[in-house]
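Each remark here refers to the structure printed beneath this line.
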Amino acid sequence: MKQGWEIKKLGEVCDIICGQDYKSVKDDNGKYPIYGTGGIMGYASQYRCPANSVIIGRKGSINNPLFVETEFWNVDTAFGVVPNEKILHPKFFYLFCKDYDFTRHDVSVTIPSLRRTDVLKINVPVPPIAEQEKIVAELDCLSGIIEKKKQQLKELDNLAQSIFYEMFGDPVENDKGWEKKRLDEIGEIIAGSTPSTADETNWDGDINWVTPAELDVQLYYGETVRKITEKAAKSLTLMPVGTVLLSTRAPIGKIAITTVPMCCNQGFKNIICNECINNVFLYYYLMLTMDNIKALGRGATFKEVSKKNISEYKVIIPDLDKQKQFASKIESIEKQKELIAQSIK
């Protein structure tokens with residue numbers, strides 16, 4: 001700990017304003033934005049949170065804090081966290097939240113959720129205000145450089161998609177007339193499960209275990225945040241390296257390729273590819289046709305795509321050599337992205 005810095009509980013330096021339903025205050029001509037965990041959802045005639053507050057998701061997107069510079073109304077799935085500005089610079093606190101892993105406090109096995117009492121207990125570093133202001137100023141300057149690098153990553157992602165369209169045509173229209181096969185014809189479909197959370201002997205082992213909430217937007221996914229024991233894994237399927245992860249609820253549509261063996265919860269229907277399909281090609285095909293996959297979701301409370309519907313989902317099957325050529329080009333792009341990502345870190 002640096003000299004003059006303190007560690008305080010979040011509840012000592014911030015107030016948490018719980019969100020409420022917004023229907024009674026929604027007003028298209030209102031001056032106050034209505035915020036959920038994903039951003040602005042409309043406008044209101046009243047506000048609940050003051051300017052310079054931080055939104056932390058209570059349910060759903062719990063690991064994507066937002067900084068709001070104006071008064072706003074927060075919905076019931078979003079906490080409004082108000083720093084005591086005499087002790088804690090609002091932007092310094094926001095930068096702390098961006099770097100903090102809130103998923104470690106997730107109390108749900110389905111839709112990620114946080115409890116107010118747990119958030120209040122989070123340890124927050126508190127330097128002297130003058131030092132906080134200096135840190136914020138320096139990081140504001142650096143953020144411009146970081147944003148340019150992030151734009152480079154987006155351009156490389158766009159390049160990868162352009163290469164796919166050039167080589168294989170429109171994946172939805174199949175304008176090049178490739179043969180199509182069901183997913184269960186080109187691989188084994190694997191669903192997951194959650195070991196009992198009440199049994200402590202199931203957790204903190206050596207075997208990787210993942211939920212949809214923990215997946216980032218990335219081609220490859222390796223070591224997981226949470227791990228289970230061999231005892232817990234006995235009732236689950238250990239997916240090999242190269243498995244295509246596909247989240248089919250909470251939320252639908254996150255995908256990645258495993259770089260280590262792992263198990264998963266019931267929010268996935270994953271594909272272990274056979275010899276006729278390249279997993280990098282399949283990843284991009286699923287990503288570029290994700291709207292069609294999401295449309296298969298069913299459910300009154302939250303949408304889920306069934307194993308039957310995933311099994312029947314059809315994929316174009318170009319020549320395997322052509323798929324491998326595409327994967328090779330993607331590997332070159334991924335190496336460039338990794339260099340930029342390391343620079344950002």
Side-chain angles (χ1 to χ4, degrees), residues 9-10 56-64 99-123 183-184 187-274 279 282-283 286 299 301-302 304-307 310-311 345:
K9 298 296 182 185
L10 186 145
I56 297 172
R58 182 185 70 84
K59 182 170 286 190
S61 180
I62 64 174
N63 218 25
N64 183 36
D99 194 51
Y100 190 81
D101 181 17
F102 289 95
T103 62
R104 69 180 71 174
H105 305 291
D106 183 6
V107 294
S108 173
V109 296
T110 53
I111 300 174
S113 302
L114 296 177
R115 290 186 296 220
R116 182 176 183 273
T117 52
D118 292 334
V119 175
L120 288 170
K121 295 175 184 176
I122 291 172
N123 289 327
L183 271 176
D184 62 1
E188 182 182 1
I189 312 299
I190 301 294
S193 183
T194 300
S196 171
T197 55
D199 186 348
E200 293 182 358
T201 64
N202 286 333
W203 299 91
D204 298 324
D206 298 318
I207 298 173
N208 293 286
W209 184 83
V210 65
T211 70
E214 291 155 2
L215 275 187
D216 294 322
V217 180
Q218 60 194 61
L219 176 58
Y220 294 115
Y221 186 74
E223 291 294 318
T224 61
V225 175
R226 288 186 279 183
K227 298 181 188 294
I228 58 175
T229 61
E230 289 186 15
K231 167 183 170 290
K234 285 181 180 178
S235 60
L236 305 179
T237 299
L238 184 65
M239 296 172 295
V241 172
T243 300
V244 178
L245 300 175
L246 173 61
S247 71
T248 51
R249 75 175 189 187
I252 298 170
K254 287 189 174 183
I255 51 176
I257 297 173
T258 62
T259 60
V260 295
M262 67 179 64
C263 297
C264 67
N265 80 343
Q266 56 269 47
F268 290 93
K269 307 292 185 300
N270 306 312
I271 306 103
I272 302 175
C273 297
N274 65 25
N279 57 3
L282 180 60
Y283 169 94
L286 295 176
T301 53
F302 58 88
E304 179 175 9
V305 183
S306 69
K307 185 175 181 180
I310 286 297
S311 298
K345 288 179 182 180

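No hydrogens, no waters, no symmetry mates; every other heavy atom, side chains included, goes into these values. These numbers come from a predicted model, not from an experiment.
- Residues Ser247 and Ile255 form no side-chain contact, since every pair of their non-hydrogen atoms from C-beta on lies 4.5 Å or further apart.
- Closest of all the heavy-atom pairs between Gly187 and Asn274 is N-ND2, 3.7 Å.
- Contact record, Ala233 with Cys263: CB-SG, 4.4 Å, taken as the closest heavy-atom pair.
- For the residue pair Ser113 and Asp106, the shortest heavy atom distance occurs at N-OD1, 3.0 Å.
- Proximity of Cys264 to Leu236: side-chain heavy atoms (C-beta onward) are nowhere separated by under 4.5 Å.
- No more than 12 heavy-atom neighbours from other residues, nucleotides or ligands sit within 6.0 angstrom of NZ on Lys121.
- Atom NZ of Lys9 and atom CG of Leu120 lie 11.0 Å apart (nearest 0.5 Å).
- One finds the CZ atom of Phe102 at 3.5 Å from the CD1 atom of Ile56 (value rounded to the nearest 0.5 Å).
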Assess the residue pair Asp101 and Val225 against the criterion (side chain to side chain contact (heavy atoms under 4.5 Å, CB included)); give the C-alpha distance rounded to whole Å, side-chain angles, the decisive distance to 0.1 Å, and a yes or no.
CA-CA 10 Å; Asp101 181 17; Val225 175; 3.9 Å; yes

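- Looking at heavy atoms from C-beta onward, Val244 lies out of side-chain contact with Asn270 at the 4.5 angstrom threshold.
- When all heavy atoms are compared, the tightest approach of Leu215 to Phe268 is CD1-CE2, 3.7 Å.
- Summarising the geometry, atom CD belonging to Glu304 is positioned 8.0 Å from atom CD1 belonging to Ile252; distances are rounded to the nearest 0.5 Å.
- More than 12 heavy-atom neighbours from other residues, nucleotides or ligands sit within 6.0 angstrom of CG on Asn123.
- The nearest pair of heavy atoms linking Thr258 to Pro240 is OG1-O, 2.9 Å.
- When side chains are defined from C-beta on, Lys307 counts as touching Ile189, because their heavy atoms get closer than 4.5 Å.
- Not one N or O on the side chain of Thr243 forms a donor-acceptor pair closer than 3.5 Å with the backbone of Ile271.
- Using a distance-only test at 3.5 Å, with no hydrogens or angles considered, a donor-acceptor pair links the side chain of Asn279 to the main chain of Gly242.
- Annotation: Asp206, atom CG; neighbour count of heavy atoms from other residues, nucleotides and ligands within 6.0 Å does not exceed 12.
- Considering CG of Asn208 and CD of Glu223, their distance stands at 4.5 Å, rounded to 0.5 Å.
- Residue-environment remark: NZ (Lys59) stays at or below the threshold of 12 foreign heavy atoms within 6.0 Å.
- The side-chain heavy atoms of Arg58 and Val119, taken from C-beta on, include no pair separated by under 4.5 Å.
- Rounded to the nearest 0.5 Å, atoms CE (Met262) and OG1 (Thr237) are 14.0 Å apart.
- Ion pair Glu214/Lys254 not flagged as a salt bridge, since none of the NZ, NE, NH1 or NH2 atoms sits closer than 4.0 Å to an Asp/Glu carboxylate oxygen.
- The aromatic rings of Trp203 and Trp209 sit perpendicular, their planes meeting at an angle over 60°, well past the 30° parallel limit.
- The closest side-chain heavy-atom distance from Pro251 to Pro212 is below 4.5 Å.
- Here CG of Leu245 is found 11.5 Å from CG of Leu286. Values are rounded to the nearest 0.5 Å.
- Of all non-hydrogen atoms in Arg226 and Thr224, the two that sit nearest each other are O-OG1, 2.7 Å.
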For Thr194 and Thr211, what are the C-alpha separation, side-chain angles and deciding distance, and is it a side chain to side chain contact (heavy atoms under 4.5 Å, CB included)?
CA-CA 9 Å; Thr194 300; Thr211 70; over 6 Å; no

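- At a threshold of 4.5 Å between non-hydrogen side-chain atoms, the residues Thr229 and Thr201 do not count as touching.
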